[in-house]
Amino acid sequence: MQVEEYLSAETLQARVRELAAEIERDFPDPDEPLLLVGVLKGACLFLADIVRAINRSVEIDFVAISSYGAATTTSGEVRILKDLDAAVHGKHVIIVEDILDTGLTLRFSYLIEALKARHAASVRVCVLLDKPSRRRVDLHADYRGFEIPDAFVVGYGMDYAEKYRNLPYVGILKLEAPE
Ligand code: 5GP
């Protein structure tokens with residue numbers, strides 16, 4: 001299997017700084033608590049970089065979510081495997097996700113509703129990569145790093161069978177043709 005570089009580390013870092021600036025602009029009041037919630041594991045590097053580029057106080061937390069069955073099923077049933085540690089009451093929450101693909105996992109419309117039910121002041125979604133051609137539910141991100149074509153990507157936190165998460169760039173995984 002081969003990985004072909006698609007978004008370089010420099011390209012990623014430049015866009016992350018722009019997204020951080022957008023978030024700063026949207027939440028100018030330093031007294032308004034801001035909480036970024038990373039969706040494990042794919043968003044961990046993106047979250048780590050974006051919080052370091054945000055020039056105001058910000059809390060971080062993580063959730064782990066799993067879909068039942070194949071990720072491509074239409075049921076899109078989701079389970080929260082690891083809940084937030086932090087209280088969200090009165091905080092502006094931004095869910096940070098690696099990829100918005102079909103939208104079925106991000107159908108934490110469920111997670112969004114749960115955060116609203118816990119009285120978050122607001123809930124937004126920030127994704128590094130968006131594959132709009134694959135979307136099956138009506139969902140769009142408030143902050144979006146890059147729109148990408150329908151390809152399987154790895155690196156910068158994203159895996160194939162738990163490999164490649166540590167690549168500093170985003171690459172397209174090329175499956176070798178059978179002999
Ligand atoms: P969705 O529910 O939007 O279909 O799925 C989003 C999740 O599927 C992402 O958070 C990610 O974990 C996984 N995913 C979707 N496309 C890719 C891809 O190209 N590469 C990797 N590594 N994961 C993907």
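On a predicted model such as this, the values are computed, not experimentally measured, just so you know. All ligand and atom numbering here is 1-based and tracks the order in the structure.
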Winner among Asp159, Leu173, Val154 once heavy atoms are compared against atom 22 (N) of ligand 1: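 It is Asp159 that holds the nearest heavy atom.
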At less than 4.0 angstrom from any non-hydrogen atom of [X], what atoms of ligand 1 do you find?
X: Ala151; answer: 19 (O)
X: Met158; answer: 22 (N)
X: Lys131; answer: 16 (N), 17 (C), 18 (C), 19 (O)
X: Glu97; answer: 10 (O)

Looking at ligand 1, does Tyr160 have a heavy atom less than 4.0 Å from it?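 No heavy atom of Tyr160 comes that close to ligand 1.
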Quick one, [X] and [Y] - any side-chain contact, counting heavy atoms below 4.5 Å?
X: Phe152; Y: Ile172; answer: no
X: Leu84; Y: Arg118; answer: yes
X: Val127; Y: Ile99; answer: no

Looking only at non-hydrogen atoms, find the nearest pair between Ala86 and Glu59 and report the distance.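 For Ala86 and Glu59, the tightest heavy-atom pair comes out as CB-OE1, 4.2 Å.
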Closest non-hydrogen atom pair between Val63 and Asp83, with its separation: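 That closest heavy-atom pairing would be CG1-C, 4.2 Å.
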Taking 4.0 Å as the limit for heavy-atom contacts, which would you say applies to Asp98 with ligand 1: side chain only, backbone only, both, or neither?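 The side chain, only.
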Would you kindly specify which portion of Arg134 sits under 4.0 Å from ligand 1, judged on non-hydrogen atoms: side chain, backbone, both or neither?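 It is neither part, as no heavy atom is under 4.0 Å.
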Ring geometry between His92 and Phe27 (parallel below 30°, tilted from 30 to 60°, perpendicular above 60°):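 Answer is tilted, since the angle falls between 30° and 60°.
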